[in-house]
Amino acid sequence: MIIAIQLVLFCLLFTLMVRLSAIGGGINALYFYPKAVQQKVFSLGLTDEKTMKRKKAWFFIPFLSVLLIALLLIIGLWNGVKDYWTAYFQSLLFLEVMNWYDGIVIDRLWVGHSKLWLIPECAEIPYVQTWKQVLVKRGILTAVWIVLAFAVAGLIILIF
């Protein structure tokens, strides 16, 4: 039961950080959008590629750092995991839940049904991922997380 609560808290943290990326509207998180939307925004002069790349770096460095630290603290400190394989399987569980949560809840439901993410000047360009795109991307990321969970588990054992 405690892991279910931890997963919910981890996903809430993820959601909060994604929401912070779009303070002031979806244009501030343009790096999440398809290339066609980005190019249209650039051509309209609403922002430029250099600004978008700077905002992406300013978002992803703290985003990934906070999520990694949270994961290490949950598994290593809160759960008190001391053996590598338990750390690996818990890391994998959290990373996979985050992966599919991002694809289904964030990309399909939230982005698809919230005005926050709508860039009015680009309303005619599809920006919500199709189910096929979600399944392909999340399937690829599933394989990535299977590998990266080994490193996360190693960090947990090393630190705690």
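- Between the side chain of Gln38 and the main chain of Leu30, a donor-acceptor pair closer than 3.5 Å is present.
- Across all non-hydrogen atoms, the minimal contact from Arg138 to Asn99 is CD-OD1, 2.8 Å.
- Although no hydrogens or angles enter the test, the distance criterion places no donor-acceptor pair under 3.5 Å between the side chain of Arg108 and the main chain of Val128.
- In terms of heavy atoms, Pro126 sits closest to Val37 at O-CG2, 4.2 Å.
- A distance of 8.0 Å separates CD in Gln129 from CG in Asp102, rounded to the nearest 0.5 Å.
- Closest of all the heavy-atom pairs between Ala87 and Ile156 is CB-CG2, 4.1 Å.
- Residues Cys11 and Val97 meet the side-chain proximity criterion, which asks for heavy atoms closer than 4.5 Å.
- For the residue pair Gln6/Asn79, the side-chain donor-acceptor check at 3.5 Å is satisfied.
- Side-chain contact between Thr142 and Glu96 is present, with heavy atoms from C-beta onward closer than 4.5 Å.
- Criterion: ILVMFWY side-chain heavy atoms under 4.5 Å apart, direct or through other members. Under it, Val18 and Leu116 are part of a common hydrophobic cluster.
- Here the rule is side chain to side chain contact (heavy atoms under 4.5 Å, CB included) with Met98, and of Leu67, Leu141, Leu71 only Leu67 fits it.
- In this structure, CZ in Arg19 is found 11.5 Å from OG1 in Thr15, a value given to the nearest 0.5 Å.
- Remark: Lys56 NZ is loosely packed, at most 12 non-hydrogen atoms of other residues, nucleotides or ligands lying under 6.0 Å away.
- In terms of hydrophobic clustering, with Ile, Leu, Val, Met, Phe, Trp and Tyr side chains grouped at heavy-atom distances under 4.5 Å, Phe10 and Leu16 are assigned to different clusters.
- Evaluation of the ring-ring contact (aromatic ring centres under 6.0 Å, His included) rule for Trp85 yields Tyr88 as partners, not counting sequence neighbours.
- One finds the CE atom of Met17 at 8.0 Å from the CG atom of Leu64 (value rounded to the nearest 0.5 Å).
- Residues Leu7 and Ile5 are members of one and the same hydrophobic cluster, defined by side-chain heavy-atom contacts under 4.5 angstrom among Ile, Leu, Val, Met, Phe, Trp and Tyr.
- Remark: Trp58 CH2 is loosely packed, at most 12 non-hydrogen atoms of other residues, nucleotides or ligands lying under 6.0 Å away.
- Interatomic distance, Phe160 CZ to Ile75 CD1, rounded to the nearest 0.5 Å: 9.5 Å.
- Applying the ring pair (Phe, Tyr, Trp, His ring centres under 6.0 Å) test to every pair with at least one member in residues 18-54, sequence neighbours left out, gives these pairs: Tyr31-Phe59, Tyr31-Phe60, Phe32-Phe59, Phe32-Phe60, Tyr33-Tyr127.
- Residues Ile106 and Val136 fall into different hydrophobic clusters, defined by Ile, Leu, Val, Met, Phe, Trp and Tyr side chains chained together at heavy-atom separations under 4.5 Å.
- With hydrogens and angles disregarded, a donor-acceptor distance shorter than 3.5 Å links the side chain of Asp48 to the backbone of Lys50.
- Distance check: Leu77 CG to Leu72 CG gives 10.5 Å after rounding to the nearest 0.5 Å.
- Hydrophobic clustering (ILVMFWY, side-chain heavy atoms < 4.5 Å, transitive): Trp117 and Ile23 are in distinct clusters.
- The line from CH2 of Trp110 to OH of Tyr101 is 7.5 Å long, rounded to the nearest 0.5 Å.
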_Phe14 and Val66: CA distance, side-chain angles, deciding distance, side chain to side chain contact (heavy atoms under 4.5 Å, CB included) verdict_ = CA-CA 9 Å; Phe14 183 94; Val66 167; over 6 Å; no

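- When all heavy atoms of Ala153 and Ser91 are compared, the closest pair comes out as N-OG, 3.9 Å.
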